[in-house]
Every structure is written in structure tokens, then in C-alpha cells.
Amino acid sequence: MLEIQKIRDNTAACIEGLKKRNFPDPEDQLEKILNLDDLRKQLQKESDGLLAEINSLSKQIGELFKQKNINEVDILKAQVAEKKEASKNLEDRHKEVLTAIDELLYATPNIPHTQVVAGKSAEDNEVYKDWDSPFPELHAGALPHWELSDKYGIFDLKLGVKLTGAGFPVYKGRGAKLQRALINFFLDENTKAGYEEIQPPIMVNEESARATGQLPDKEAQMYHATLDNLYLIPTAEVPVTNIYRDVILKETEFPIKLTAYTPCFRREAGSYGADVKGLNRVHQFDKVEIVQFAHPTKSYDHLHEMLAHVEGLLQKLELPYRILRLCGGDMGFTSAMTYDFEVFSVAQKRWLEVSSVSNFETYQSNRLKLRYKDENGKSILAHTLNGSALALPRILASMMECHQTEEGIRIPKALHAYTGFEIIK
RNA sequence: GGAGGAGUGGCAGAGCGGUUGAAUGCACCGGUCUUGAAAACCGGCAUACGUGAGAGCGUAUCGGGGGUUCGAAUCCCUCCUCCUCCGCCA
């Protein structure tokens, strides 16, 4: 969530930023927050004063007891009782105001970076780096991945329906092996680039889900094990980022770079058509995530370093890609800047999103309470970043479609050592 | 799942109703000494919010939440976590 101090110091810039996202009536929203914060300060001042008086009276009572001056004690006790009543009321109001502020902050998205353009939807995204070579030529009768899957027996959605429900694919044979190969390939590449491999739990508690912003507003996106009040993670970002919840780092520890493979679970109801066909949108999928915790002055350097890393992966997979910088309206709620990677599927004649790399600046760390000490010993919020490197189903689909030949699906060279085969036929 | 024990500062560990935000040791930082280092000695060393130009002051926090009391790290309730024993089990 946003820092109130930042809103106070840069109100105009915050309003500008929210407008880029088409956030309705940002002036009103921020004003409400600031007014409530003023009220909060005033209430705390009153409450602290009252508590100080109570504390002081209690000490006096202690002294009087030692002196066996019981009559005086009763007078002071009465005073304390009175002040306590008032203090209780103040505290209740204080809590209410705090809750109200939180609710408003939860409902306010991150301020986009100044370079992010205004826009309403995907059409307004900037092409940051286009694919400038010809697209690979496919043979006549090239197929979309769901038909290729039937042809070569790569995954089985109907079987998933039998076992679980729609959107839970079953991978088979070389398809399953390819999944495993990709996971290992990505983890190895990420590790080589300096990311430490983490194997986190794939269920998290409420506190973790709250800290990375899945709760309260995106509750319906997550599978919830109600008996134990645990949530299946929608992305490794949740457990991995929470490793640094309530942590104060040393400035020298930056940057912290972590990578994790996990299954991801998303309920995402409400889409239809080509968007959800085949592997385009499923409820359970595998993803290798990269996460960085960075010094605020360096976070954009790291963002671009992550970009270059993901780009390298796509090159090794020999896929035609482009990089978009998302406009304000298409960016995620918590992001300050996001780049999307898209692979062009000649078979489907459209771009498929395969990775998203974002800088959250302090939006996440504020809720996480992830800070570092600067040279003056002051606590400063760190920046958090993450990206997919990479998500499996979309990549698998892209590879199937882009590398299909009349003989079968060609496996890019970089993967041969992992798959043990060079073609799926 | 059952029975018992325990959770205090970065770590270890006192305190078990009244100047205890918390002894002591270790670690860490600064200084003295030293050619340098070590040792020794001196000093510093939690977080958040409020307030103040600042020094500082106020408030809250001893696993989380609630309660008793004029006053709680200390008593009570509840939840969580860890340890020991029994049961079950990949």
C-alpha cells in the first residue's frame, strides 16, 4: 500500500499517477486519506496524553501504598477510573480511524512510474522492444497447441476434468518430461544469473496473503482451505516475498535475488473463448518465479537486468518475442512499472503473454514492513520486484506452436540435455 | 489425535504485580591503549507512532489477541509456535 507521507509530500504527482490508471476521482480519495490521517494524529495525541496521566497517577498510587496512605489512594483511584473511561473511548475511535485509513489505502493502487504512459487497456501499451525479424514460417496445416496436443499426446484436459475439474491439465509422456525439463532449465539459468533457489510452501496463511496484497480484495482468486484457513498460492511471489516480511536488512545485503519453482493455483472465473482454450488459462500451472529485494536507488537498474535475463531465456528457447511496457490502465494494482513479454504464435496468429516483470517500489514493502537501515540508522522501505522466468503452460503452448514441423515438435537445443529427446512425434 | 513442559532484546539468559524497555553475558558499533591486531578498559546498541528546529519528551510493544488490577513481562482466558512422551503415518 501507499505510504501516507508520500501522498502528503507529493499529492499532485500522486493524483497525476492515479489518473494514468483511470482511477476514479483520485483527488477525493487522497484527500479523504489525508484528512483521516490528520484525525488519527489528533486522536493519538489526546490518547497518549491521557495514558500518560493514568501512568503517572498509578505510580503515585504505588508510592501512597508504600506510605500506607490509604485515604489518598481512593481519591486517585477515582480519578484514574474516570480517565480510563475517556481513554477507552479515544482508543476505540483511534482504531476505527486506523481501519478506515487501511481500507482506503487497500483500495488505492500504486502510483505508476513517470515513464509509464496513461491508457485504458492493452491497446494503449507501448511496444518497448519489437520483434524485428521475419516470423518463423510454418508448414501448411499448422495447428494451435490444443490440437497438437491431441495429435502428439502432450496433455489431456478431459482427463483433468475427470480427476479434478476444468482447467487442471494432465501432462503425459514427453509432454510431462518437457515440463520437468523446462522447470530445471529455468531454475538452472536463474541460478547461474545469481538467483538463490528457494522451495517454499505452496500454501500460506492469512498474514502472508495479506502482506503481498492478495487479501483482502482478491480473496476470490485464491483457493482457500477453510478448515485450516490456508490459501493455495497463486504465485511463488507470495511465499517468497513473505520471507522478508518484518525484516530489517543491512544496506550491504542488497540486492537479494531469489528464484522458486512452484505450482500456482488460480480460480479466475469469468473468461471465455480463445483466451481460455487449451493451456491459455488454467487453474493449476507451474511457474518459475524470480524475485528481487533492492535498494530504492537501484531498483530500476535491477528491473532492466531482470528484463534482459528473461529475454535471454526466450532467445534460448528460440521463440519470437516482443516486450511491452504496460500503460497505467493495464498494469497490475500493486505495480509501479511492468514489462510484459509476448511470444508470437504463427499458428494462432496472435501474441501470447508469457512473462510479466514488475517493480513494485515500496508498495509491497510497506505492507511487508521490509526495511533497511541507511548510514544514519534510519529505517527506509526497500523496493521489491518480481517476474516470471517463466510460466510453463504459456511457454509450452508457444513452443508447441512455434516449433511444430511436419515431423513433429522440435525441441530447442538448449533443452536437449534436459529432455533427452530432440523432437516430440 | 492424547498427556506434559516452554515461549523475554541479534543470540544466550535473569526477572514471576509497583522508576523493568527490561539485569548479566556474548555478538555488534565507536573510543582509549598498541607500529598494527588481540586482550583490557570506557561508551553506545529494539521497533513503531505522536510531538519538537533539535537535544529530547510522550505512548505502545517481553509469541498473538482478550481479561483481572489504580498498576501486568509477571495473575486469568484463548489462539499460535516449539520441546518431551504416547498413538497414527509417507
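Labels below follow one simple rule: chain letters A, B, ... track the order of the sequence lines, proteins then strands, and each chain is numbered from 1. Nothing here was measured: the structure is a model prediction, and the numbers come from that model.
As rounded to whole Å, 14 Å separates atom C1' of B:rC49 from atom CG of A:Asn366. We find that CD1 of A:Ile248 is positioned 16 Å from P of B:rC45, with the value rounded to whole Å. In this entry the distance linking CD of A:Glu253 with C1' of B:rG10 reads 12 Å, nearest Å. Taking atom NZ of A:Lys378 as the reference point, atom P of B:rC49 lies 10 Å away to the nearest angstrom. Note: CG (A:Asp48) to C1' (B:rA48) measures 12 Å, nearest angstrom. One atom, NE2 of A:His94, and another, C1' of B:rA48, lie 12 Å apart when rounded to the nearest Å. Rounded to whole angstrom, the span from the CG atom of A:Asp102 across to the C1' atom of B:rC49 amounts to 14 Å. At whole-Å resolution of the value, CD in A:Glu53 and P in B:rG50 are 21 Å apart.
One C1' atom belongs to B:rU78, the other to B:rG7, and the distance between them is 16 Å to the nearest Å. B:rC45 and B:rC29 have their P atoms separated by 16 Å, with the value rounded to a whole Å. For B:rG43 and B:rC49, the P atoms lie 31 Å apart once the distance is rounded to whole Å. Spacing of P atoms, B:rG63 relative to B:rG87, comes out at 33 Å, to the nearest Å. B:rG13 and B:rA73 have their C1' atoms separated by 14 Å, given to the nearest Å. Rounded to whole Å, the C1' atom of B:rG21 lies 13 Å from the corresponding atom of B:rG15. Annotation: B:rG58 and B:rG5 have their C1' atoms spaced 40 Å apart (nearest Å). For the C1' atoms, the distance from B:rA22 to B:rA14 is 10 Å, rounded to whole Å.
When Watson-Crick and G-U wobble pairs are counted only if both distances are under 3.5 Å, B:rU68 pairs with no nucleotide at all. A 3.5 Å limit on both hydrogen-bonding distances identifies B:rC83 as the Watson-Crick or G-U partner of B:rG4. Nucleotide B:rG25 forms a Watson-Crick or G-U wobble pair with B:rC11, both donor-acceptor distances falling under 3.5 Å. Base pairing analysis places B:rU59 opposite B:rA48; the two distances defining the Watson-Crick or G-U wobble pair are each below 3.5 Å. B:rC16 is unpaired under the criterion used here, namely a Watson-Crick or G-U wobble arrangement in which both key atom distances are under 3.5 Å. Checking B:rC89 for Watson-Crick or G-U wobble geometry (two distances, each under 3.5 Å) identifies no partner in any strand. Pairing of B:rA40, defined by two Watson-Crick or G-U wobble distances under 3.5 Å, is identified with B:rU32.
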Before giving the answer on salt bridge (Lys or Arg N to Asp or Glu O under 4.0 Å), spell out for A:Glu305 and A:Lys257 the whole-Å C-alpha distance, their side-chain angles and the decisive distance to 0.1 Å. CA-CA 12 Å; A:Glu305 169 207 317; A:Lys257 300 167 71 176; 3.0 Å; yes

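Side chains of A:Glu253 and A:Tyr372: a donor-acceptor N/O pair is absent below 3.5 angstrom, by distance only. Side chain to side chain, A:Tyr261 and A:Glu197 fail the donor-acceptor criterion of an N or O pair below 3.5 Å.
If A:Lys41 and A:Ser47 are placed on RNA chain B by their nearest nucleotide, the residue sitting closer to the 5' end is A:Lys41. A residue-by-residue look at A:Ser56 and A:Gln5 shows that A:Gln5 has its nearest nucleotide of RNA chain B further toward the 5' end.
Shown here for A:Asp374 and A:Glu251, the closest heavy-atom pair between the two residues is CA-OE1, 3.5 Å.
Contact between the side-chain N/O atoms of A:Arg40 and the OP1/OP2 oxygens of B:rC49 is not found at any separation under 4.0 Å. Between A:Arg371 and the phosphate of B:rA48, there is a side-chain N or O to OP1/OP2 separation shorter than 4.0 Å.
Screening A:Ser355, A:Ser356, A:Ser388 for a side chain to side chain donor-acceptor pair (under 3.5 Å) involving A:Asp340 leaves a single residue, A:Ser356. If you run side chain to side chain donor-acceptor pair (under 3.5 Å) between A:His145 and each of A:Glu401, A:Gln404, A:Arg394, only A:Glu401 comes through.
Counting non-hydrogen atoms under 4.0 angstrom, A:Ser379 reaches the backbone sugars and phosphates but no base.
Distance alone, capped at 3.5 Å, places no donor-acceptor pair between the A:Lys120 side chain and the A:Gly329 backbone. The backbone N or O of A:Asn110 sits less than 3.5 Å from a side-chain atom of A:Arg21, completing a donor-acceptor pair.
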Reading nucleotides 64-80 of chain B from 5' to 3' and marking B where a protein heavy atom lies under 4.0 Å of the base, S where only the sugar-phosphate is that close, and - otherwise, the string is --SS-BBS---------

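Nearest to the side chain of A:Gln44, among B:rA48, B:rG58, B:rU51, sits B:rG58.
Heavy-atom contacts from other residues, nucleotides or ligands closer than 6.0 Å to CD of A:Glu147 number more than 12.
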